[in-house]
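We name chains A, B, ... by the order of the sequence lines, and we start the count at 1 in each one.
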2 protein chains.
Amino acid sequence: MASTTSVQGFIPDFVSVIPAGGIGSRLWPMSQPHRPKFLIDLLGSGATLIQDTVTRLAPLSETTLVVTGERHAPAVAAQLPDLDASALLTEPSPRDSMAAIALAAAVIEERHGERIMGSFAADHVIPDAETFRDTVRVAVQAARTGKVVTLGIAPDSPSSAFGYIKAGEALADAPGAFAVEAFTEKPDPETAARMLTEGGYTWNAGMFVVSTTVLLDHLARLQPTLAAGVREIAQAWDTEHRADVLARVWPTLTKIAIDHAIAEPVAAEGGVATVPGAFTWHDVGDFDSLAGLLSAQPDGVVRINREAPICTVDAPGALVVGGAKPLAIVGVADAVVVETDEAVLVTTRHAAQRVKDVSFDA
Amino acid sequence: MASTTSVQGFIPDFVSVIPAGGIGSRLWPMSQPHRPKFLIDLLGSGATLIQDTVTRLAPLSETTLVVTGERHAPAVAAQLPDLDASALLTEPSPRDSMAAIALAAAVIEERHGERIMGSFAADHVIPDAETFRDTVRVAVQAARTGKVVTLGIAPDSPSSAFGYIKAGEALADAPGAFAVEAFTEKPDPETAARMLTEGGYTWNAGMFVVSTTVLLDHLARLQPTLAAGVREIAQAWDTEHRADVLARVWPTLTKIAIDHAIAEPVAAEGGVATVPGAFTWHDVGDFDSLAGLLSAQPDGVVRINREAPICTVDAPGALVVGGAKPLAIVGVADAVVVETDEAVLVTTRHAAQRVKDVSFDA
C-alpha cells in the first residue's frame, strides 16, 4: 500500500540535477569510455541507469537538469528524448563535481530564481523509488531551513568502498533530519566495522539537497573564484555569448569535489544536515555487486541480455552477460563471462575489482 | 642431420591403415560429433590431424586406406583430395576397432595379396615424423617374422590414461623388437609409478604392424565369425554386391576391440612383439595436454587460430582458441577460452577433463 507521503505529487520549487560522469571501468566491456555506465542498461531491465534516474526523480521535480561532458551529450539527449535541449548542460571538459553542480545551481538561479535543488548521480541503482522520493521530500523540507542536506544510506555491511556520515542531534525545525557531526573518508575495514558497531553512521552516496542560494553563498565564501566563474558562465548560458564565456572561464575553474569544497567545511560550521534513507541503494561498481543484485535462473546462472543456451559443469554462481552462441562454463566457480559487440571478458566475482586494470594498449 | 635409415624410401609391400573414429569429446567445441578430432587442425598448424597422419605415413606406404564412418566419409574425402576413392573404406555403423581393422586387412588381401599393414589412429600427434617412420620400418621387419608387432611409446610420466606394454626378451631374428610379456589395462597412478620405476614398460598407443595373413589367421582362430564376415564383405567390396553384403553381414560382426580380440590372447601365446619408439607422441585428449604441447607468446598466452588482442590480468597460463573480438581474462589462472563458429567454452587446464560432460540437451 502506498503511504500518504508517497502519493504526494511534485514539489513546485524543486529542481533535480543529475551529474552524468564516470566510466565505470570495472564494468568493462559493458561500460567503456565511449559508453559509460550511466548510458547502459546495466540490469537488463530495459532502461539505462540515467533513464532510471530521470524517471525516479520526475514525479518530484519542477524540472530536471543533466550535466555531462561533450562526448556523451548526444547519447544522453538520444536516451532522454523528453528532456528539453536547455536542460542538458554540457561541460567542455571535466572539472570535478563542484564545478558541475555549481554551474547547475547558477543556471537555475538565472532562469528561475532561488530553488531547492537535489543532486543525484546518474549511475546509481535504487530499486525502491517511492521510498527514495519520500526521503528526498524530507530532505527538501530540511533544506528550506538553510541547511546543506545530504542523504544517508543505511549500511548493509562495513564497506570500505564509501565515505561515511556521522549523524548527531535531531534537528528541531526539520523532522527526520539530523545534524552532521562529520564526514569520514573511505575507512579501512576495521574502522568501518567499528563505526557500524558504534551506530549513527550512514554511507555518503554524494546525494545533496540544498537551496541554490545557500549553496552559492557558501561557495562564494569558501571558493570565491569558482563561485564567480560559474555565475559569469550562468549569466551567459542562455545567450549568444555562452561559447565565448565558457571557452574563457571554464578552464580556469578550480577542480575540486563538492565534498571537499562544501560538505566538509560547512559541516564543521554546523551547516550540514543528513536525512537517513530507508531505501535500498546500490553503487554497482563491479560484476560481483551486479551479480549479487540479480536473481539466478533455476540452473544457478544470473543472466543479463542473454538468450542463448548455457551449460555449467562444476561451475556454480555464474554471471553471463550477452553473447549469442551457446556457452559452456566448466570448473570455474563464480565465473563472470561478458560479451558485447566489441569485446569479451572472462573473470570471476572474486576478481571483479581487477577488471579496471584491463588495457589493450600495446 | 638425417640418419641413414630416415632417408630410405617407401616399403614396397607396406600398406597404411588409418582408422578414423572417435569424437574427442573433451576437446569440445573444437571437436564435435559432426567434426571429430581427426578432422580439425588441433594445433593450428594448417593441417588437420588426419592430413598430418596421411602425410606422415605417405613416404613409407605402397598405399594408404582410411576406415571411417558414413557420417564423416565426405569430409575425409574432401580433406584428402589425393586419396583414391577406393582407399576410403566406409563403415555403415561403428562396430569397434577389430571389425574396422580386419575389414581393411581383408580388402588388402583381396586387392593385393598378402601385405604388411600398419594401423595408426587418425588423431594422434607425432611431431617427429622421421623417427616415427624409422620405428615403423623396424616394426615392419619384425612383422615379416610372423609376429603381431605393436609400437611402444616411451612414457614421459606415470600416466593412468593409457594401457602399458611389458617388454621381455629381445627377438633374435628381429633387431630392435622385443617379445611382449603382457598388456596391462590403464593402471591406477600408483601402479603406473611402480611400472616406470621397474622399467621395461611402454605406453600402448594402439599402433600395430602385422602381415594381413597373420592377422586374419589369428582372427580366424580366435574370432571365426568375425573373420568369415570381413572376408565375405571384402570379396564383395569392389563389386556391385558391396552394398547388399555390407547391409547383410556388417551388422552381425562381433563388436570387440583389437586389443581384446588379438593383442592380448596372441601375446599370451608369445606371438606379439613390440618395438619401442624414440619418437614423441601425444594423444592430446583435452585442452590441458593441448596447451602443454604449444609455446606461449611473450605475454604467456598460448594461442590457436587467434589473431585478435588478448589482455590478461592476474591470469597466467591461458590457452585461447579462436574468437574474433578482443578478450580480457582477469584473475583466472590457467584459463582456457575456446570459441568456434558454434559455441564458446570457458574452463581451466585443471578442469579440462570435465569438458566431456558438457551437454546442451534440455
Side-chain angles (χ1 to χ4, degrees), chain A residues 25-32 286-288 297-299 301 306 308-316 318-362, chain B residues 25-32 286-288 297-299 301 306 308-316 318-362:
Chain A
S25 57
R26 289 168 297 162
L27 291 165
W28 181 94
M30 289 186 85
S31 63
Q32 301 213 18
D286 60 38
F287 288 111
D288 182 38
Q297 291 191 12
D299 63 358
V301 178
R306 171 81 195 182
I310 296 171
C311 167
T312 59
V313 177
D314 190 22
L319 167 67
V320 177
V321 182
K325 294 177 185 175
L327 168 68
I329 306 173
V330 178
V332 181
D334 292 329
V336 175
V337 181
V338 181
E339 181 171 351
T340 67
D341 289 345
E342 305 96 348
V344 177
L345 169 69
V346 171
T347 186
T348 63
R349 290 182 62 171
H350 179 73
Q353 291 272 347
R354 303 218 43 199
V355 172
K356 69 180 185 302
D357 297 329
V358 168
S359 167
F360 287 93
D361 299 335
Chain B
S25 57
R26 289 168 298 162
L27 291 165
W28 181 94
M30 290 186 84
S31 63
Q32 301 213 18
D286 59 38
F287 288 110
D288 182 38
Q297 292 192 12
D299 63 358
V301 178
R306 170 81 195 182
I310 296 171
C311 167
T312 59
V313 177
D314 190 22
L319 167 66
V320 178
V321 182
K325 294 177 185 176
L327 168 68
I329 306 173
V330 178
V332 182
D334 292 329
V336 174
V337 181
V338 181
E339 181 171 351
T340 67
D341 289 347
E342 305 95 349
V344 177
L345 169 69
V346 172
T347 186
T348 64
R349 290 182 62 171
H350 180 73
Q353 291 273 346
R354 302 218 45 198
V355 171
K356 69 180 184 303
D357 298 328
V358 168
S359 166
F360 286 93
D361 299 334

Tell me, side chain or backbone of V332(B) under 4.5 Å from chain A's heavy atoms, or both, or neither?
-> side chain

Give the member of P29(A), P326(A), A351(A) that has the highest number of heavy-atom pairs under 4.5 Å with chain B.
-> P326(A)

Decide yes or no for V358(A) and V330(B): does some side-chain heavy atom of the first lie under 4.5 Å from some side-chain heavy atom of the second?
-> yes

SB check E342(B) K325(A) (cutoff 4.0 Å) = no

Please name the pair of heavy atoms, one in A328(B) and one in F360(A), separated by the smallest distance, quoted to 0.1 Å.
-> N-CZ, 4.0 Å

Region of T312(B) in contact with chain A, defined by heavy-atom distances below 4.5 Å | neither

For each of T348(A), D314(A), V313(A), I329(A), tally heavy-atom pairs with chain B at distances under 4.5 Å, and name the one with the top tally.
-> V313(A)

Ranking R354(B), H350(B), E339(B) by heavy-atom pairs under 4.5 Å to chain A gives rank one to R354(B)

Answer key: most heavy-atom pairs under 4.5 Å with chain A among V344(B), D357(B), T340(B) is V344(B)

Among V336(B), V346(B), V320(B), which one satisfies side chain to side chain contact (heavy atoms under 4.5 Å, CB included) with V346(A)?
-> V346(B)

